[in-house]
Asker: 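I'd like to ask you about the structure that follows.
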Amino acid sequence: MNTSPIAFLKGHGTENDFVIVPDPDNALDLPASAVARLCDRRAGIGGDGLLHVVRSAAHPEAKAMAGEAEWFMDYRNGDGSIAEMCGNGVRVFAGYLERAGLVEEGDLAVATRGGIKKVHIAKGGEITVSMGRALLPEAAVTVSVDGRSWPARNVNMGNPHAVAFVADLEHAGELRSTPPFSPAEVYPDGVNIEFVVDRGPAHVAMRVHERGAGETRSCGTGACAVAVAAARRDGADPTVTGTPATYTVDLPGGTLVITEYPDGEIEMTGPAVIVAEGVIDPSLLTV
């Protein structure tokens, strides 16, 4: 068992917060139980998730991407479960790499379970992530809370989302537990559920329940899913109009700007903040 202190950092992207564990050689064993303890806000460091920073060549799930992306974001939800992608997490991951002197301002590629993500680190600290293309499965979905029900747009951003437009964000309820949705078979591995209201032209606000984490202050892939769903609702589908569609998305933790281009590519721009660093007692990682 490793008895040496283990370095960590704490960061957030629009208050979607993460424990960051640098481990370039993939030497640490991070079972789900250990990740959950680290993310516990009372007994651990606290976070919506954990960013395990590994060189792609050192991780079996990322070796095939090592030629295009040196670094792999081994992302875990706050309950320790493995997730495909986290948009805010990619920005914070890139922010850490720059802070650590592992990359410079400008363009880089980050390997994730949702594929390789292109990132641009601007001089002022804003980070833009190319989030790929949205998939829009045809399956009809309904979301319900406290006797109210809404049709939800099924959007996949490398992870699954159900986007419901509502009259008031309070209608989303407490969001600690997963809001009921149907049919259940549409999302066999669970789903992130967004509740959305309009704030103005191409300007919306949202709350989100993230699977494995409950309500979070922000969700990057969720903001992208919301912008795509809003553009389709508004008749502003860039793949049809040939004009990019940009939406401002307000979240409880801040604001993200989402642009979808005519070729379907989606970019997300927002901040990444590192707030602390220290060491972990290795006993927290024992099963």
Asker: If we ignore angles and hydrogens, is there a donor and acceptor under 3.5 Å between the side chains of Thr14 and Asn16?
Answerer: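 The answer is no; no qualifying pair exists.
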Asker: Check this for me, if you would: do Arg207 and Glu194 make a salt bridge, where the nitrogen-to-carboxylate-oxygen distance has to be below 4.0 angstrom?
Answerer: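 The answer is no: the pair does not qualify as a salt bridge.
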Asker: Does any non-hydrogen side-chain atom of Ile266 lie less than 4.5 Å from one of Met268?
Answerer: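 Side-chain contact under 4.5 Å: no.
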Asker: Without swapping roles, check the side chain of Thr239 against the backbone of Gly264 for a donor-acceptor pair under 3.5 Å.
Answerer: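 Between the backbone of Gly264 and the side chain of Thr239 there is no qualifying donor-acceptor contact (under 3.5 Å).
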Asker: Determine the sole option in Lys118, His120, Glu265 for which the side chain to side chain donor-acceptor pair (under 3.5 Å) test with Ser130 is passed.
Answerer: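 With Ser130 as partner, Lys118, His120, Glu265 yield a single side chain to side chain donor-acceptor pair (under 3.5 Å), made by Glu265.
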Asker: Should Val110 and Ile116 count as side-chain neighbours, where that means a heavy-atom distance under 4.5 Å?
Answerer: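 Answer no - side chains too far apart.
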Asker: Which one of Tyr96, Tyr75, Phe93 satisfies the side chain to side chain contact (heavy atoms under 4.5 Å, CB included) criterion with Phe18?
Answerer: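 For Phe18, the side chain to side chain contact (heavy atoms under 4.5 Å, CB included) check succeeds only for Tyr75.
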Asker: Just by distance, do the side chain of Asn26 and the backbone of Ala58 share a donor-acceptor pair under 3.5 Å?
Answerer: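 Judged by distance alone, yes, a pair lies under 3.5 Å.
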Asker: List the atom of Met65, the atom of Gly115, and the distance in Å for their closest heavy-atom pair.
Answerer: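 Closest approach of Met65 to Gly115, heavy atoms only: SD-C, 4.2 Å.
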Asker: Check whether the side chains of His52 and Asp23 place a donor and an acceptor atom closer than 3.5 Å, and report yes or no.
Answerer: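 There is such a pair between these side chains.
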Asker: With a 3.5 Å cut-off and no angle check, do the side chains of Thr112 and Glu84 form a donor-acceptor pair?
Answerer: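 No, Glu84 and Thr112 have no side-chain donor paired with an acceptor closer than 3.5 Å.
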Asker: State, with a plain yes or no, whether a side-chain heavy atom of Val35 is found less than 4.5 Å away from one of Val19.
Answerer: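 The answer is no; the side chains never approach within 4.5 Å.
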Asker: Looking at Glu15 and Arg217, is there a salt bridge between them, counting it only when a charged N and a carboxylate O are closer than 4.0 Å?
Answerer: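 So Arg217 pairs with Glu15 through a salt bridge.
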Asker: Does a side-chain N-to-carboxylate-O contact under 4.0 Å join Arg176 and Glu215?
Answerer: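 The answer is no: the pair does not qualify as a salt bridge.
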Asker: Do Thr221 and Asn88 have side chains that get closer than 4.5 Å, going by heavy atoms?
Answerer: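 Result no, sub-4.5 Å side-chain heavy-atom pair not found.
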Asker: Applying side chain to side chain donor-acceptor pair (under 3.5 Å), run through Asp234 and Tyr247 and close with a yes or a no.
Answerer: CA-CA 11 Å; Asp234 297 342; Tyr247 278 76; 2.6 Å; yes
Asker: Between Asp168 and Arg148, does any side-chain N to carboxylate O distance fall below 4.0 Å?
Answerer: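 No, this pair does not count.
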Asker: Are the side chains of Leu108 and Ile121 in touch, meaning some heavy atoms are under 4.5 Å apart?
Answerer: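 With C-beta onward as the side chain, the pair touches.
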Asker: Under a 4.5 Å cut-off applied to non-hydrogen side-chain atoms, are Leu51 and Met73 in contact?
Answerer: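 Sidechains of Met73 and Leu51: in contact.
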Asker: Would you say that Val21 contacts Val53 through its side chain, given a criterion of any heavy-atom pair below 4.5 Å between the two side chains?
Answerer: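 Side-chain contact under 4.5 Å: no.
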Asker: Does the distance from a Lys or Arg side-chain N to an Asp or Glu carboxylate O, for Lys10 and Asp17, drop under 4.0 Å?
Answerer: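 Salt bridge flag = yes for Asp17 with Lys10.
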Asker: Within 45° of the six-membered ring axis of Phe165 and under 6.0 Å from that ring's centre, is NZ or CZ of Arg233 located there?
Answerer: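 Satisfied, under 6.0 Å and within 45°.
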Asker: Check the orientation of Trp150 and His171. Use parallel for under 30°, tilted for 30 to 60°, and perpendicular for over 60°.
Answerer: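 Correct class here is parallel.
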Asker: So which pairs with a foot in residues 269-281 pass side chain to side chain donor-acceptor pair (under 3.5 Å), sequence neighbours left out?
Answerer: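 Output for this query lists Arg99-Glu277, Thr128-Thr269, Asp281-Ser283.
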Asker: What distance separates Ser218 OG from Leu256 CG, expressed to the nearest 0.5 Å?
Answerer: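 CG of Leu256 is found 5.0 Å from OG of Ser218.
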Asker: Salt bridge or not for Arg211 and Asp79, using N-O below 4.0 Å?
Answerer: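 Asp79 and Arg211: not salt-bridged.
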Asker: Indicate whether any N or O donor in one side chain lies under 3.5 Å from an N or O acceptor in the other, for Asp250 and His203.
Answerer: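 On atom types as modelled, these side chains qualify, holding a pair under 3.5 Å.
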Asker: Taking the side chain as C-beta and beyond, is there a heavy-atom pair between Tyr187 and Val141 under 4.5 Å?
Answerer: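 The answer is yes, as the side chains (C-beta and beyond) meet within the 4.5 Å cut-off.
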